[in-house]
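These notes are about the structure you will find just below.
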Amino acid sequence: MELENNMPEPVKKPLNFIEEIIELDNTNNTYQQRVHTRFPPEPNGYLHIGHAKSICLNFGLAKKYHGKCNLRFDDTNPIKEDVEYVDSIKEDVQWLGFNWDGEYYASDYFQQLYDWAVQLVKEGKAYVDDSSQEEISKGRGIPTQPGTESPYRNRSVAENLELFERMKNGEFEDGSKVLRAKIDMASPNMHMRDPIMYRILKTEHHRTGNKWCIYPMYDYAHGQSDSIEGITHSVCTLEFEVHKPLYNWFCNALAIHHPKQIEFARLNLSYTVMSKRKLLQLVKENLVMGWDDPRMPTISGIRRRGYTPESMRNFAETIGVAKRDNTIELSLLEYCVREDLNKKALRSMAVLDPIKLVLDNYPEGQFEELDAVNNPEDPETGKRKISFGRELWIDRDDFMEEPSKKFFRLSPGNEVRLKYAYIIKCNRVEKDKNGNIVSIHCDYVENTRSGQSDSSRKVKGTIHWVSVAHARKAEIRLFDKLFLSYNPEEVEEGKTFLENLNPDSMKVIEGYIEPELPNESPLSTYQFERIGYFCIDKDSTSEKLVFNRTVTLKDGGAKK
RNA sequence: UGACCUAUGGUGUAAUGGUAGCACUGCAGUUUUUGGUACUGCCUGUCUAGGUUCGAAUCCUGGUAGGUCAACCA
């Protein structure tokens, strides 16, 4: 049929700079058309949303070019690492929707790395240095001035060989000796001034136990690990740019498969602290409920808050990849979350700040069941029944005794629609002796219920409600942005980041919800109509539901 | 006062020597039994000074601004 010719042309997505490099490599047959990436976290903390960018990038490239992507734990520093972290990292990567082609650990390569180090020693390209940490630091010089050579730099190969072996055998104390690459103490690149390859650390490793007491440094381990795994494109963040010459130096010196390191700018989010060190501090000082506190920018935190993997992948796609420093506005993240949740979240009515509404002309003790749509964006989710009666809870926000011009919800003498139910008109308010409103009295208008003869009558506002006789209480947590509103750019001078945290970042209130929610289980997400998206907390029991606010609706609902 | 990297609306990101486009934000409007969604329109940009060229966001040179590097962290 002709139909196919009328299909709109698919929009060509421009390549990002990494894809261009890959396609050029494929054209030049640099890696035999192979694309093999890896995500290489150090298991020293939980993954955060910045890692999500890297994960989506690495796994995304592998998928796009029909290649592979490994998960590799860069576990070369046993002091900071733990199995708890490797478990959480695996869970988070899977939650994001990715399956790795191989699961590896830098610690798997300790023997090979050691053998290669011996090889470099034999070739006169590495030496054992007895200098103290301070002496080495001093000898390295400063960026603008060359360093000085260590007095141990010209030891014989035989002596170096013997010393390095004895280092491995545990004959020396921590910090007493290191193995260094013999490169160039005058290099303008500090990382080339005889970088340390191995240090002595008599610490138990979470995987190799006490087998090793010397551990390779990042620079000595990373490129070779990539090489062993046959990685073609080693994608990392910008701060490793100055490490690249060293990465290349080791691959060349050992004459092994040489992956290409490509650097991109890490994600920064406005109002959000992404530093693992600071996040760890919050957890350790019990300032949050844990790594998965819904205020945390960790992947487990945003999961608990109700963000979806789809929206995170879409976010990563939308922010793009480049080499310039960037700060993404939180509004873009929230847009991505809303866009996905709007399609999927089931609607429900809830009242967060209740005030009683009495329909004076509605018979006491009478109730009716009304039809409510579960999700107007997805008709397949069907309808549910909700109970309606004389006494209802509505949100305090939806009533104004003296309304401003732009307010078109309930006010004295004014008509609004109760969602799915009747049009009502406000007669009077009842106040206590202090003048506070205790209840609002209205009349409902007959035949205006949804589906009835006068139901098409137009009123300016529609408000949500729950029946006093049927409503269920729930605890609701409201959060201010991600991560306690901390904005690195707005830090008051002289204050630590802790002092700049917003103490009101979490408000806990009691609200009323519909008696039954479909799919009621931890991490189920709903849109409370006219209020926002809420996620059942992971620790919630059916007796007392706890909700975390995922995101507000755009415009928040209320102009006054 | 070294080396390396970067510079396009408020925020991101395209344009690969040939009409500066897209998304978010903001503002205005249409639809709406969610002040949501959807749709429409508008505002706002090539750091600077030279050079090459018929033509420069793009290439060259010099400035300027920002970032990274001086852990036995990764």
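Residue numbers begin at 1 in each chain, while the letters A, B, ... track the order of the sequences.
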Quick one: closest heavy-atom pair of Glu204(A) and Tyr215(A), and the distance?
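In terms of heavy atoms, the two residues are closest at C-OH, 4.4 Å.
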Does the separation of the ring centres of [X] and [Y] fall below 6.0 angstrom?
{"X": "Tyr85(A)", "Y": "His206(A)", "answer": "no"}
{"X": "Tyr247(A)", "Y": "His243(A)", "answer": "no"}
{"X": "Tyr198(A)", "Y": "Phe164(A)", "answer": "yes"}
{"X": "Phe240(A)", "Y": "Tyr218(A)", "answer": "yes"}
{"X": "Tyr127(A)", "Y": "Tyr152(A)", "answer": "no"}

Selected nucleotide, minimal atom distance to [X] side chain, candidates [options]:
{"X": "Glu329(A)", "options": "rG12(B), rU1(B), rG10(B)", "value": "rG10(B)"}
{"X": "Thr462(A)", "options": "rG36(B), rU34(B), rU1(B)", "value": "rU34(B)"}
{"X": "Arg530(A)", "options": "rC69(B), rC24(B), rU34(B)", "value": "rU34(B)"}
{"X": "Phe240(A)", "options": "rU1(B), rC69(B), rA74(B)", "value": "rA74(B)"}
{"X": "Lys554(A)", "options": "rG35(B), rU37(B), rU33(B)", "value": "rU37(B)"}
{"X": "Lys419(A)", "options": "rU34(B), rG35(B), rU68(B)", "value": "rU34(B)"}
{"X": "Ala322(A)", "options": "rA74(B), rA14(B), rG2(B)", "value": "rA14(B)"}
{"X": "Asn326(A)", "options": "rC24(B), rU13(B), rA70(B)", "value": "rU13(B)"}

Taking the [atom1] atom of each, how far is [N] from [M], in whole Å?
{"N": "rU58(B)", "M": "rC39(B)", "atom1": "P", "answer": "35 Å"}
{"N": "rG45(B)", "M": "rA23(B)", "atom1": "C1'", "answer": "15 Å"}
{"N": "rU64(B)", "M": "rA15(B)", "atom1": "C1'", "answer": "25 Å"}
{"N": "rA56(B)", "M": "rU61(B)", "atom1": "C1'", "answer": "15 Å"}
{"N": "rA57(B)", "M": "rG51(B)", "atom1": "P", "answer": "15 Å"}
{"N": "rG36(B)", "M": "rG26(B)", "atom1": "P", "answer": "12 Å"}
{"N": "rC5(B)", "M": "rC42(B)", "atom1": "C1'", "answer": "38 Å"}
{"N": "rC69(B)", "M": "rU1(B)", "atom1": "C1'", "answer": "15 Å"}

Starting at CD of Gln145(A) and ending at P of rG2(B), how long is that distance when rounded to a whole Å?
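Taking CD of Gln145(A) and P of rG2(B), I get 12 Å after rounding.
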Output the rounded distance in Å from OH (Tyr420(A)) to P (rU32(B)).
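These atoms are roughly 16 Å apart.
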Check this one for me: any side-chain N or O of [X] less than 4.0 Å away from OP1 or OP2 of [N]?
{"X": "Arg338(A)", "N": "rU34(B)", "value": "no"}
{"X": "Ser456(A)", "N": "rU33(B)", "value": "no"}
{"X": "Lys343(A)", "N": "rU37(B)", "value": "no"}
{"X": "Tyr218(A)", "N": "rC73(B)", "value": "no"}
{"X": "Arg324(A)", "N": "rU8(B)", "value": "yes"}

Do Tyr109(A) and Glu229(A) make a side-chain contact, defined as non-hydrogen atoms from C-beta onward lying under 4.5 Å apart?
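Counting from C-beta outward, Tyr109(A) and Glu229(A) do come under 4.5 Å.
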Side-chain contact, heavy-atom cut-off 4.5 Å: Tyr114(A) with Glu165(A)?
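The answer is yes, as the side chains (C-beta and beyond) meet within the 4.5 Å cut-off.
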With nearest nucleotides of RNA chain B determined for Tyr533(A) and Glu239(A) from heavy-atom distances, which residue corresponds to the more 5′ nucleotide?
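Here Tyr533(A) is the residue nearer the 5' end.
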Both Ser455(A) and Ile328(A) contact RNA chain B. Which one's nearest nucleotide lies toward the 5' end?
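Taking each residue's closest nucleotide, the earlier one in sequence belongs to Ile328(A).
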Rounded to the nearest 0.5 Å, what separation is found between the CG atom of Asp398(A) and the CZ atom of Arg409(A)?
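Taking CG in Asp398(A) and CZ in Arg409(A), the distance rounds to 5.0 Å.
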5'-to-3' dot-bracket of RNA chain B (Watson-Crick, G-U; under 3.5 angstrom; crossing pairs as [ ]; | other strand):
.((((((..((((....[..)))).(((((.......)))))....(((((..]....))))))))))).....
Are Glu368(A) and Tyr362(A) linked by a side-chain donor-acceptor pair shorter than 3.5 Å?
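Yes.
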Reference residue Asp226(A); test side chain to side chain donor-acceptor pair (under 3.5 Å); the match among Gln261(A), Lys260(A), Arg72(A), His233(A)
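When side chain to side chain donor-acceptor pair (under 3.5 Å) is applied between Asp226(A) and each of Gln261(A), Lys260(A), Arg72(A), His233(A), only Arg72(A) qualifies.
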Checking understanding here: a glycosidic angle within 90° of 0 is syn, the rest anti, so what is rA71(B)?
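Syn, angle within 90° of zero.
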For RNA chain B, the residues among residues 197-208 of chain A that have a non-hydrogen atom under 4.0 Å from it
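Contacting residues: Arg199(A).
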